[in-house]
Amino acid sequence: MRVRVRVVIMLVLCLTLGGLFVHAAVTEDKWTPYPDAADLSAGYESYVGQQLMVFGTVTETSEGEMRIRAESDGTAITLRVTETRTAVEPGGVVQVYGTLEPAQTITAERVEVVNSSRWAEFYKYGTSAIGAFGFLLLFFRYWRINRDSWTLEARDG
Amino acid sequence: MADLLTHLLVPYILLTVASWAVGWLDRRWVVVGMGGAAIPDLVKIGIVLDERVVEAFLGVPFTYMPVSTLGGVLLLAGVITVAFERRRWRRVFGLVTFGGLTSLLLDGMRVYADGRASAWLYPFTNWRPPTPSLYVSSDPTVLVVAVLAAGTVAVLDRQMRVRR
């Protein structure tokens, strides 16, 4: 098939995906039921008493409590999480599900540790980089780019 | 999400086992299926090009979230498919989509504090499927299990080939 036709098909698919990028952002409330950090910063009081789930980086821990910093769209908010006994170091990332209370506080129902410390993040990106590199090596062992037709073709035909 | 290495190993394991029964499914096709597993991880492009930068440039709300959903997998599988020779399209699309689905399913089994995974069936539905909350993404156990399983399958695969 001619290169031009293939490029057009790719463009149409990419534009459709671009449309989804915008559609998903516009309809965000439909697929994420909870207010994010930006929503909380803008109108905290209107969410008090509601159940919500937030992702945040732990900044401080003490007996039965922690402080987390949640961020979205460049807006950050610091929240006090009470009734938690979760073991996590500052710098770790947690998910908190609970009830929003006045004075930037969440009474936790469930806290899950996503990254227990900063190292967990390095681990994740490190193994992913190894995966990406290994995959590319493997892929081009079996496939090559044909520079006449600009297609991927099997090395052994 | 699970790390990319784990994502790649899952279709490797499943497709290699399937290749023992399906004649045309040789190693080069297994690799194509593995490639599909990387699609949902492309959502991390946000590290390079921030959503807010795109949003400011376009002047409309913008999120990369659809990349990690069924819709994103199907569309990007299409883009990848078209990069291959015309006669390969059907197989490439099927395998790449399969790989992408295994990643979405694996990520759908992650821990969410409210017991529901992300809306990964978007745009077909905004419903958030329940998650068995099996693991968190930085849990090395997941990778250890995947590496051991892949190693076992690789050894068995070698023996199957020798026997043929």
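To find a chain, count down the sequence lines: A is the first, B the second, and so on, and within it residues start at 1. Atom set for the values below is all heavy atoms of this structure, side chains included, hydrogens, waters and symmetry mates excluded.
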Out of curiosity, B:E51 CD to A:S72 OG, how far, rounded to the nearest 0.5 Å?
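Result: 10.5 Å between the selected atoms.
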As an exercise, state the distance from CG of B:L76 to CE of A:M10, rounded to the nearest 0.5 Å.
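Output value for this atom pair is 11.0 Å.
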Chain A contact via [X] - side chain, backbone, both or neither, heavy atoms under 4.5 Å:
X      : value
B:V54  : neither
B:A38  : neither
B:Y122 : side chain
B:T125 : neither

State, yes or no, whether a side-chain contact exists between B:M34 and A:L138 at a heavy-atom distance under 4.5 Å.
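Contact flag for B:M34/A:L138 side chains = yes.
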Please flag which part of [X] lies under 4.5 Å from any non-hydrogen atom of chain B: side chain, backbone, both or neither.
X      : value
A:M53  : side chain
A:F139 : both
A:V94  : neither

Is it true that A:F135 and B:H7 have ring centroids separated by less than 6.0 Å?
no
Specify whether A:W143 and B:W29 have parallel, tilted or perpendicular ring planes, treating 30° as the upper limit for parallel and 60° as the lower limit for perpendicular.
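It falls in the perpendicular class, over 60°.
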Taking the side chain from A:Q95 and the backbone from B:V111, do they hold a donor-acceptor pair closer than 3.5 Å?
yes
If only atom types and distance count, is the side chain of A:E112 paired as donor or acceptor with the main-chain N or O of B:A113 below 3.5 Å?
no
Would you say the side chains of A:Y142 and B:D26 form a donor-acceptor pair under 3.5 Å?
no
Among A:G126, A:A132, A:A25, which residue forms the greatest number of heavy-atom pairs with chain B at distances under 4.5 Å?
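With the most close heavy-atom pairs to chain B, the winner is A:A25.
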